[in-house]
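Structure record follows, encoded as structure tokens.
Reminder, nothing fancy here: chain letters follow the sequence lines and each chain counts from 1.
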There are 2 protein chains.
Amino acid sequence: MNPPSLSPRKRRKEARPGELLAAALDLFVARGYAATRLEDVAQQAGVSKGTLYLYFENKEALFKAVIREGILPVLAENEEIAARHEGSTFALLEKLLNNWWLRIGRTAYAGIPKLMVAEANNFPELAQFYYEQVISRCRALLGAALRRGMADGEFRPLDIEVAIDVIIAPILMLLIWRHSLASCAPREHDPQHYLQLHMDLLRQGLSRSQV
Amino acid sequence: MNPPSLSPRKRRKEARPGELLAAALDLFVARGYAATRLEDVAQQAGVSKGTLYLYFENKEALFKAVIREGILPVLAENEEIAARHEGSTFALLEKLLNNWWLRIGRTAYAGIPKLMVAEANNFPELAQFYYEQVISRCRALLGAALRRGMADGEFRPLDIEVAIDVIIAPILMLLIWRHSLASCAPREHDPQHYLQLHMDLLRQGLSRSQV
DNA sequence: ACAATTAATGACCAACCGGTCATTAATTTA
DNA sequence: TAAATTAATGACCGGTTGGTCATTAATTGT
């Protein structure tokens, strides 16, 4: 039916998974989980749909692999940073934010939080996975930092669990906005500037002594 | 084919649109725009799919009608509150937040921001509509308040456009969280408590004089 | 009572997509 | 070189859904 062997059908067992994961990240982030067709993922990775199923059991496994390969290592890195840190707790918050920006915020992985928010209700399996693997660890990390800051009097006393949410919210919204309605807005804001203002408000808002 | 007139086929031209809009809001919020089947909307409103198309041209028109009927009136209300307000600007922010909570935050409409974020990329038509009708007006309202607070020295000087985003972020994330991954979290936080903490941080973070 | 009007129905269509599997062919082994 | 192995393919299946339209029947007017 098609011209014989016009397709350069090469066997590259080692490279396929990585290329499929990269294509999957791109398309999942651009279109969401449900709306991403596996045939498109395969095509963008330069293989056929059948080949994708050779390397990943199904759509869900493919998605989980994207998270595992891309997000979890950065989390481990930030946990390491917190463990090694000496100095003011606010400086630790800045370090964590900075590394997060370099490894997630400015990369394609920045689209994952919006995707999870968007699909959580329709794919509870995925939501559970993401909550346990990513969110709970993030919260634990930030919670420990806040406790540290309050314990030595750098921060004023606050409900830790609630404060975690309030503090992370603008950071998450930055990503969510840029991956959803930002295209409708007349002008794009500078993310560095946005994060700077958030940290400014936070420095003054958290402080115990009114500097 | 089916038992004759077992169905209580009643003609209720006046009531149908409202009932269809209520059902649509419920399902759109629960499942998202793309994943909501119009047959389910019709069924929940007690009519057949054909009847839905008698009152709304298509899925998009149905969704826009939900926004128009439910969200825009509240926006007008808040614009009115701001116009009439006298007293400190921070008190105005509290008034606006309070009315927003009563009319949107604690109702089913609270699910709309998550829906828009989730579907914006795949339905640019809808995103444009929402940005122009809702978001730009919200931003204008908050921007005017911030300008007022800075002009009379109550707030310290900040980049208005960026501050709008940073300040709204935790409020939006409250809704987004509750309509997405909250079901995975072990314990539910009290939204009033969350908003209170946000306003506390903000009062101290925005203030010029260090009270 | 009977015809005219129109609200309401639901079978149907075309398009779409996750996942399967028999077939093809690149590569390795002997 | 020939046989064995396995990477890669793509036609196909079952299930789904937005939207259409010919038909049915509730209501209204005379």
(message) If you count every heavy atom of other residues, nucleotides or ligands that lies below 6.0 Å from B/E188 atom CD, does the total exceed 12?
(response) yes
(message) Tell me the interatomic distance from A/E19, atom CD, to D/dA7, atom P, rounded to whole angstroms.
(response) 15 Å
(request) Calculate, to the nearest 0.5 Å, the distance between atoms CG and CH2 belonging to B/L96 and B/W100 respectively. (result) 12.0 Å
(message) Would the distance check show the side chain of B/Q204 and the main-chain N or O of A/L206 forming a donor-acceptor pair, the cut-off being under 3.5 Å?
(response) no
(message) Rounded to whole Å, please give me the gap between CZ in A/F63 and P in C/dG18.
(response) 15 Å
(message) On DNA chain D, compare the nucleotides closest to B/A35 and A/R12; which residue's is nearer the 5' end?
(response) A/R12
(request) Compute whether any side-chain donor of one residue and acceptor of the other, for B/E132 and B/Q128, lie under 3.5 angstrom apart. (result) yes
(request) Send over the distance from A/R31 CZ to C/dG18 P, rounded to a whole Å. (result) 11 Å
(request) Starting at atom NZ of B/K59, determine the distance to atom C1' of D/dT20, rounded to an integer number of angstrom. (result) 17 Å
(message) Using five base pairs at each end to define the local axes, how bent is the helix from C/dA1-D/dT30 to C/dA30-D/dT1, to the nearest 10°?
(response) 10°
(request) Do nucleotides 1-6 of chain D as a string where each nucleotide becomes B, S or -: B if the base has a protein heavy atom under 4.0 Å, S if just the sugar-phosphate does, - if no protein is that close. (result) -----B
(message) For B/E60 and B/K64: C-alpha separation, side-chain torsions, deciding distance, then whether side chain to side chain contact (heavy atoms under 4.5 Å, CB included) applies.
(response) CA-CA 6 Å; B/E60 184 178 325; B/K64 287 184 178 176; 3.1 Å; yes
(request) Residues of residues 47-57 of chain B with any non-hydrogen atom less than 4.0 angstrom from an atom of DNA chain C: list those, numerically ordered, please. (result) B/V47, B/S48, B/G50, B/T51, B/L54, B/Y55
(message) Of the listed nucleotides (D/dG19, C/dG18, C/dA8), which one gets closest to any side-chain atom of B/R16?
(response) C/dA8
(request) Starting from P on D/dT16, measure out to CZ on B/R37 and report it in whole angstrom. (result) 8 Å
(message) From CG of B/L38 over to P of D/dT16, roughly how many Å is that when rounded to an integer?
(response) 16 Å
(message) Is it the case that the side chain of A/H198 and the backbone of A/I168 share a donor-acceptor pair, with hydrogens and angles ignored and the cut-off at 3.5 Å?
(response) no
(message) Using the ring-ring contact (aromatic ring centres under 6.0 Å, His included) definition, which of the options B/F129, B/Y33, B/F28, B/Y130 pairs with B/F123?
(response) B/Y33
